[in-house]
Trainee: 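Just passing along the structure, written as structure tokens.
Below, chains carry the letters A, B, ... as their sequence lines are ordered, and counting in each starts from 1. This one's a predicted model, so the numbers in the text were calculated from it and none came from an experiment.
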Amino acid sequence: MVSFILRRILVSILVLVAASFIMYVLVANSDNPLRDLQTGNSPNKQALIEARIQQQHLDVNPVLRWGIWLGGVARCVVPIGGSCSLGVNFQNQPITALLPAAMGSTLQLVTLSFLLAIVLGIALGIITALRVYSGFDYTITLFSFFLFSLPSFLMAVLLKTFVALGYNNFLQDPKIPLSTLLIAGVVIGAIIQLVVGGTIRRRLLAFVISGGATVVVLAALSATDWFARPALGPFAVILFSLGIAFAVVALLAGLNNRRAWITAGINVVLAVIAYFTLQGLFNISTLGTILTLAVATLAVGLISGFLVGGYDRGLMMRIGALTAVLSAAVVLLDRFVASWGNYVDAVGGRPLATVGSQTPGLGGDFWISGIDTYTHLLLPTISLLLISFAGYTRYARSGMLEVLDQDYVRTARAKGLPERTVIVRHAFRNMLIPIATLVATDVGALLGGAVITESVFAISGMGNLFITGLTATDVNPVMGYFLVIAITAIAFNFLADLAYAALDPRVRAR
Amino acid sequence: MSTIQGNPLEPSIGDGVDLASRKDDNPGESQGRIVYKRFVSNKVAVVAIIVYVLLIVLSISAIGLGPIPGWWKYDYKSLNSLVNEGAPTLKLFPFSLGDHPFGQDRIGKDYFALTMRGIQNSVLVMILIGLVATVIGVVVGALAGYFRGWVDSVLMRITDVFIVIPALVIGLIVGKSAGAGGLGAFGLAALLGVVSWMVIARLVRSEFLSLREREFVEAARVAGASDVRIIFRHILPNAIGVIIVSSTLLVASAILLETAISYLGFGIKSPDSSLGLLISGNQSAFSTRPWLFWWPAAFIVILALCANFVGDGLRDAFDPRSKRFSLRKTAEPDAAEVSTQVSPTPPVTK
Amino acid sequence: MKITGKRLRPLVGAIALVGAATVVLSGCTTSGATDNETSKTGGNVTIAQVNEVSSFNYNTPQGNLDTNGMVNYLTQPQFFTLDDQYKIVHNSDLGSYKKLSDNPLKVEYTLNDDDKWSDGTAMTADDLLLGWAQASGYYDSATLNDAGEVTKGTQYFSTAAGAPFSTNLPTVSNDNHTITYTYDEPYVDWELVNPIQFPAHIVAKKAGVSTEDLTKAILDTPKGDTAKPASPNKTILAAAKLINTGYDATSLPSDKDLLVSGGPLQVSAWTPKQSMTFVPNKEYKGDHTVKFSKLVMRFIGDANAQVTALQNGEVDAIQPQPSADTVKALKAANSTVIDGSQVAYDHLDLNFGSSVFKDENVRKAFLLTIPREDILKSIVTPINSSAKVLDSQVFLPGQEGYEESVSKNGSSDYDKVDIAQAKKLLNGATPTVKILYNTLNPNRVDSFQAIQASAAKAGIKVTDGGSPKWSELLAGGDYDASIFGWVNPGAGNAALPQLFETNNSGNYNKYNDKTVSDLAVKTQTTLDADQLLTEKEQIDAGTFADAYGLPLFQTPGLFATNSNLKGVKFFGGQTGIVWNIWDWTK
């Protein structure tokens with residue numbers, strides 16, 4: 001195993017070096033790096049041109065210049081003879097200083113979209129597979145084909161114009177007109193009845209109940225001015241936590257598992273107690289506090305599961321942890337929502353942002369800056385995740401269908417296991433195997449797609465570094481960008497291989 | 001590097017060509033015939049291919065190609081006086097085209113002609129990327145898979161090198177070089193093809209790795225066939241399904257690549273026209289003259305959707321193991337999937 | 001998770017973990033209850049810029065970027081500003097300057113008694129001397145080879161503008177508040193010399209010497225001699241090194257000394273890639289103090305994103321890419337749109353080196369076919385409805401002398417397209433004209449197409465010489481005419497010899513008229529304003545008489561603000577929207 005990993009790393013480094021060579025030579029030869037100066041009419045033109053030639057070694061052949069650049073990179077890895085250097089851009093800023101700031105917003109954006117795309121995509125894929133050849137399946141499949149064919153810049157522009165400006169304008173007078181209420185009810189009802197499926201009667205019932213509930217809830221929220229001053233409050237927190245407990249138990253253990261109910265119940269009660277007791281602590285919290293609390297929550301969930309235990313201690317611990325973390329998330333959400341009003345006031349009543357990744361000079365506590373990040377990243381994340389989301393639903397759907405057709409699934413069904421157990425315990429894990437490889441290649445697409453999203457939403461991240469560098473034929477920032485994304489892509493490929501081995505015993509055996 | 005690099009639309013591509021085993025196929029028919037029959041039974045894919053061809057015919061006949069003029073009265077370069085402040089003159093009830101059915105841009109160029117030119121360029125880019133990438137990918141994959149050993153190692157490491165750089169990133173760099181060199185749509189498409197072959201190469205390689213172990217290859221070798229002959233006459237025809245399917249899906253992603261590059265300003269440049277360029281050039285007009293935005297946007301989506309549907313239809317047609325999806329309601333959903341694990345019949349050889 | 005049987009061990013571990021977590025928790029909270037109220041935005045002005053700040057020194061080759069120029073304008077002492085007619089206005093907040101004599105040209109700069117840098121240190125003639133040392137290139141003795149490497153001697157301060165003037169070593173008054181330049185020869189743009197940029201005490205500290213030592217080095221080091229370079233002066237070299245590269249930055253310098261300001265504002269925060277925040281400089285006194293509490297400069301690279309950001313209230317003022325649609329969209333969103341013309345202009349130049357245009361009649365005939373009014377209408381009018389065709393090669397509308405010069409420079413001959421007259425001048429000839437232009441600039445493409453169509457009517461065949469690499473082809477001369485843009489700095493006359501002097505490297509169209517060429521050179525040493533005006537008018541008239549080419553239009557410009565920001569006025573010069581920031585109120 002160790003020799004395998006070592007060999008992989010060595011090969012990866014060679015691949016990286018070769019790819020960097022191709023990138024460097026391509027970018028260096030893509031255009032004339034002196035154009036902006038040559039077309040200018042500065043009285044000191046010649047001196048400016050010479051200064052840039054000096055600064056960027058432009059009198060050296062690109063291949064040799066790559067050698068100089070690689071030398072600088074090598075010193076970052078092996079600290080002998082000279083300091084780490086990725087070169088400077090035309091403005092004499094060292095790339096090593098530019099990268100960290102640029103990386104922050106991009107990695108935040110890409111990671112979030114990546115995780116959401118996987119979770120949502122797989123979930124939706126499984127549902128469509130379970131409702132195969134239903135109206136829901138067709139709708140989602142058509143929808144995913146549509147998303148596949150939608151350029152991400154188009155999506156981004158539309159989101160910005162309609163969702164951001166539209167929602168903010170709506171907030172100026174947050175009353176939903178009756179016609180919109182009814183349309184929303186019909187749309188939600190139609191979607192829910194497709195998911196529920198079954199007989200006409202059952203569908204109709206689902207349509208009426210869910211559509212009606214949507215209309216009532218929206219109307220109530222609109223009447224109470226909830227959109228301007230949103231709040232969850234203890235009632236909603238308790239209700240949501242109970243819902244989570246129900247879902248977790250139903251999904252992982254089945255509704256007639258008494259121990260599972262006890263485990264989930266303990267954690268819901270603890271979460272509600274925490275909700276009432278921790279508000280004071282929340283007011284003075286930092287990111288560190290919340291992370292510590294998160295670790296504690298996880299521990300409490302695991303311990304409660306362990307203590308309730310029984311014949312299936314591992315399962316109980318999973319249920320405990322999941323319930324604890326999710327209901328704690330509801331408590332956190334409640335606290336964020338409580339700060340929403342203050343945030344909206346601070347940004348002049350228009351919360352959804354269209355540019356950048358934070359409001360400059362906002363100040364405020366953990367909650368305010370958390371909301372600020374959310375309002376800035378929401379739309380770019382959506383437009384980025386849609387790139388790969390469709391792929392995951394298609395993969396998960398066909399993967400699930402293929403697995404459900406396997407002999408061991410038939411055997412499991414034949415011996416009388418409930419459908420829930422068949423899906424969650426037997427099929428799910430095996431369905432993930434092909435997805436592990438998709439995840440690896442998808443990271444590259446997401447990192448590339450971030451270039452567009454960042455450009456539309458004016459987020460000054462890696463994509464911006466790349467585009468401005470390439471526009472000016474400024475090689476060093478482009479190469480800085482390359483290094484980060486190439487290393488990320490290689491690392492994810494490596495992780496995917498490990499995940500592959502973890503999921504598929506046949507691979508491990510080899 | 002993981003070795004599976006499929007288009008996300010692609011659940012699995014079977015290694016064994018196992019075409020005659022489906023219930024609805026007549027065992028006596030040739031492979032091409034079977035594939036054709038299965039493909040035309042997929043209504044969505046057939047409609048998609050018709051729409052695609054119609055769009056190509058429309059775009060070429062409307063504004064002509066090169067020196068040949070089309071039937072539309074304006075070309076995409078000439079400036080005309082603004083009619084109706086540049087708003088579209090298209091009317092559906094009763095139907096009439098008017099002077100400028102799609103409207104006019106800022107300086108009075110006819111937007112219908114610009115959009116048609118954009119479709120021409122986008123289609124050109126799609127097809128050329130598909131062709132160039134397929135040829136390179138097939139050659140690299142075939143050599144690696146057939147000869148294995150050091151040839152395989154070298155070629156696959158080269159593939160890895162290109163895969164490390166995201167397609168859009170290398171596309172932007174290539175686009176900038178093409179733009180600076182004034183290569184135009186043709187050069188851009190060819191260069192993009194040169195950097196998009198990696199997925200096909202990997203798929204073809206794994207296909208060859210498995211096919212080269214089959215008896216018919218062994219038989220050909222014993223009969224004294226040369227390597228070239230075995231590769232091109234014996235193995236390649238059996239791998240044709242994988243190749244066609246993956247290049248169709250590549251074509252679908254190619255249009256998105258081209259529009260994205262042109263949108264960011266590194267692709268096709270004015271006065272030539274591209275759907276991505278039209279959107280990026282008129283983005284500031286989004287709230288004031290939305291048609292400048294919506295026409296090209298609609299055609300991008302239509303073209304990409306068509307290519308995706310055709311690709312999906314082809315996969316179903318070539319690969320009996322894939323889970324079939326069609327909008328046609330199947331009475332017994334499981335019927336198509338029951339018979340997929342039957343032992344393979346001898347593959348087609350020539 | 002297997003059950004090991006030793007049930008106690010994990011439990012103990014868990015309890016220990018919870019205990020540890022409590023300890024960590026107490027360390028991870030903020031010291032006290034933070035106020036839920038966040039800072040009020042009232043009084044904060046947010047503007048958008050395309051480029052991020054890359055240096056606090058605008059005057060180096062690598063730092064010469066528009067945004068850096070704005071930061072310098074706001075945070076460094078200025079002895080003068082330009083008004084919206086590009087006229088020089090003395091700024092007496094920090095000091096005054098006056099011309100003592102014409103021959104030799106002597107200029108005296110005096111600081112006010114109570115001037116202070118933002119760190120409280122008084123401004124003195126030491127700062128003025130340092131400013132002079134930087135700008136004058138007095139000590140340089142370097143010889144450069146073709147690759148720009150110094151082969152001999154020493155290069156001290158590297159400046160984007162080079163050394164446009166040369167003076168003797170200035171004299172300093174006894175009270176150390178006044179400095180006097182004595183120019184080697186008359187310098188037309190002497191009023192555009194700002195004698196102060198960086199605080200000498202900070203530069204000296206960073207260079208590791210005392211302010212006195214730095215001043216002494218400046219006063220004692222002899223003038224550089226390229227023929228016989230002396231060994232470099234270490235003190236000046238250290239100071240130069242700091243000024244050349246020490247002010248380049250990617251984030252807020254940890255060393256606050258580098259942020260010491262002598263202008264109305266002072267940099268207080270910089271979130272890399274996002275924004276830079278300025279607060280008023282408390283030590284700054286005078287007319288140019290700002291009337292708001294904070295200026296936030298957001299870096300928004302995408303011009304379209306700037307427009308949405310303004311609509312969404314995320315910024316208060318933008319300087320977007322001018323386009324008719326942007327204007328419309330902004331007006332629809334109730335933003336205040338302020339349009340005008342930039343100091344840049346597009347023009348058509350005829351190549352005097354080409355055989356087609358050897359004959360003056362052909363030149364005139366071709367110029368008579370140029371549809372300048374139509375070009376203006378399609379490109380500029382939708383953005384700036386009051387824009388007019390540009391009628392001068394030397395002046396811009398609004399500048400002193402434009403109206404006067406236009407009335408007599410002969411541009412009226414080309415007011416209207418006159419195909420009949422053009423045909424008469426051509427006398428049956430059908431010349432072919434190849435026009436070079438930038439195919440990537442839609443405005444140039446439009447101009448080219450309009451000219452092509454119009455010239456055809458007179459029998460002139462215009463061929464497409466456009467190229468994305470037009471700039472490299474400009475000097476080659478393989479074209480008959482060219483369409484491109486110049487940036488006129490608004491104030492100053494350095495461009496005249498570049499364009500009109502025979503054989504000057506900036507005279508791309510090989511224009512060769514001895515009278516005009518001599519006049520262009522002469523302007524550089526003309527100090528009398530009236531005489532300078534006459535010379536410029538003569539150059540202007542001369543170019544039209546020679547059928548040099550035609551100016552087409554001034555590039556339109558656009559500012560837009562939210563209705564609650566008041567006082568923003570249009571300015572076409574390089575400081576852009578912040579040029580009158582002291583008049584802004586919110």
Trainee: How long is the gap from CG on A/Leu26 to NZ on B/Lys176, to the nearest 0.5 Å?
Mentor: 13.0 Å
Trainee: If you define the side chain from C-beta out and look only at heavy atoms, does anything of B/Tyr263 sit under 4.5 Å from A/Leu154?
Mentor: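 Sidechains of A/Leu154 and B/Tyr263: no contact.
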Trainee: Check each atom of A/Leu14 against the heavy atoms of chain B and say whether the ones under 4.5 Å are side chain, backbone, both or neither.
Mentor: neither
Trainee: Report the distance from atom CD1 of A/Ile452 to atom CD1 of B/Ile261, rounding to the nearest 0.5 Å.
Mentor: 9.0 Å
Trainee: Answer yes or no: is there a side-chain heavy-atom contact under 4.5 Å between A/Phe148 and B/Asp312?
Mentor: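 A side-chain contact is absent here, since even the closest heavy-atom pair is not under 4.5 Å.
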Trainee: Using heavy-atom distances under 4.5 Å, tell me whether A/Val17 contacts chain B through its side chain, its backbone, both, or neither.
Mentor: neither
Trainee: Under 4.5 Å from any heavy atom of chain A, what part of B/Ala260 do you find: side chain, backbone, both or neither?
Mentor: both
Trainee: Any side-chain heavy atom of B/Ile165 within less than 4.5 Å of one from A/Met23?
Mentor: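 SC-SC contact between B/Ile165 and A/Met23 confirmed.
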Trainee: For chain B, which of A/Val443, A/Asn29, A/Thr473 has the most heavy-atom pairs under 4.5 Å?
Mentor: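 The residue among A/Val443, A/Asn29, A/Thr473 with the greatest pair count is A/Thr473.
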Trainee: Hey, can you pull the donor-acceptor pairs under 3.5 Å for the side chains in residues 476-488 of chain A, sequence neighbours left out?
Mentor:
residue  : atom : partner  : partner atom : Å
A/Asn476 : ND2  : A/Gln56  : OE1          : 3.4
A/Asn476 : ND2  : A/Val88  : O            : 3.0
A/Thr488 : OG1  : A/Val484 : O            : 2.5

Trainee: Do A/Val157 and B/Ile279 have side chains that get closer than 4.5 Å, going by heavy atoms?
Mentor: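 Not touching, per the 4.5 Å side-chain cut-off.
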Trainee: Under 4.5 Å heavy-atom distance to chain A, tell me which part of B/Ile173 shows up: side chain, backbone, both or neither.
Mentor: both
Trainee: Is B/Ala252 in contact with chain A via its backbone, its side chain, both, or neither, using a 4.5 Å heavy-atom distance?
Mentor: neither
Trainee: With a 4.5 Å limit on heavy-atom distance, are the side chains of A/Ile22 and B/Phe162 in contact?
Mentor: yes
Trainee: Looking at every non-hydrogen atom in both residues, tell me the closest pair between A/Pro151 and B/Val301 and how far apart they are.
Mentor: CD-CG2, 4.3 Å
Trainee: Does a side-chain heavy-atom distance below 4.5 Å link B/Val169 with A/Leu470?
Mentor: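 Contact flag for B/Val169/A/Leu470 side chains = no.
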Trainee: Would you mind telling me which of A/Thr161, A/Val11, A/Leu16 has the largest number of heavy-atom pairs within less than 4.5 Å of chain B?
Mentor: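 Most heavy-atom pairs within the cutoff with chain B belong to A/Thr161.
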Trainee: Could you pull out all residues at least two apart from B/Leu275 that satisfy side chain to side chain contact (heavy atoms under 4.5 Å, CB included)?
Mentor: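 Scan of B/Leu275 (side chain to side chain contact (heavy atoms under 4.5 Å, CB included), adjacent residues dropped) gives B/Thr115, B/Ile119, B/Ser122, B/Thr259, B/Pro296, B/Phe299, B/Ile300, B/Leu303.
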Trainee: Identify which part of B/Leu264 has an atom lying under 4.5 Å from any heavy atom of chain A, answering side chain, backbone, both or neither.
Mentor: side chain
Trainee: Do A/Phe146 and B/Asn308 come within less than 4.5 Å of each other through their side chains, counting heavy atoms only?
Mentor: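 A side-chain contact is absent here, since even the closest heavy-atom pair is not under 4.5 Å.
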Trainee: What part of A/Thr471 gets closer than 4.5 Å to chain B, counting heavy atoms only: side chain, backbone, both or neither?
Mentor: both
Trainee: Quick one: CG on A/Leu158 to CZ on B/Phe293, what's the gap to the nearest 0.5 Å?
Mentor: 5.0 Å
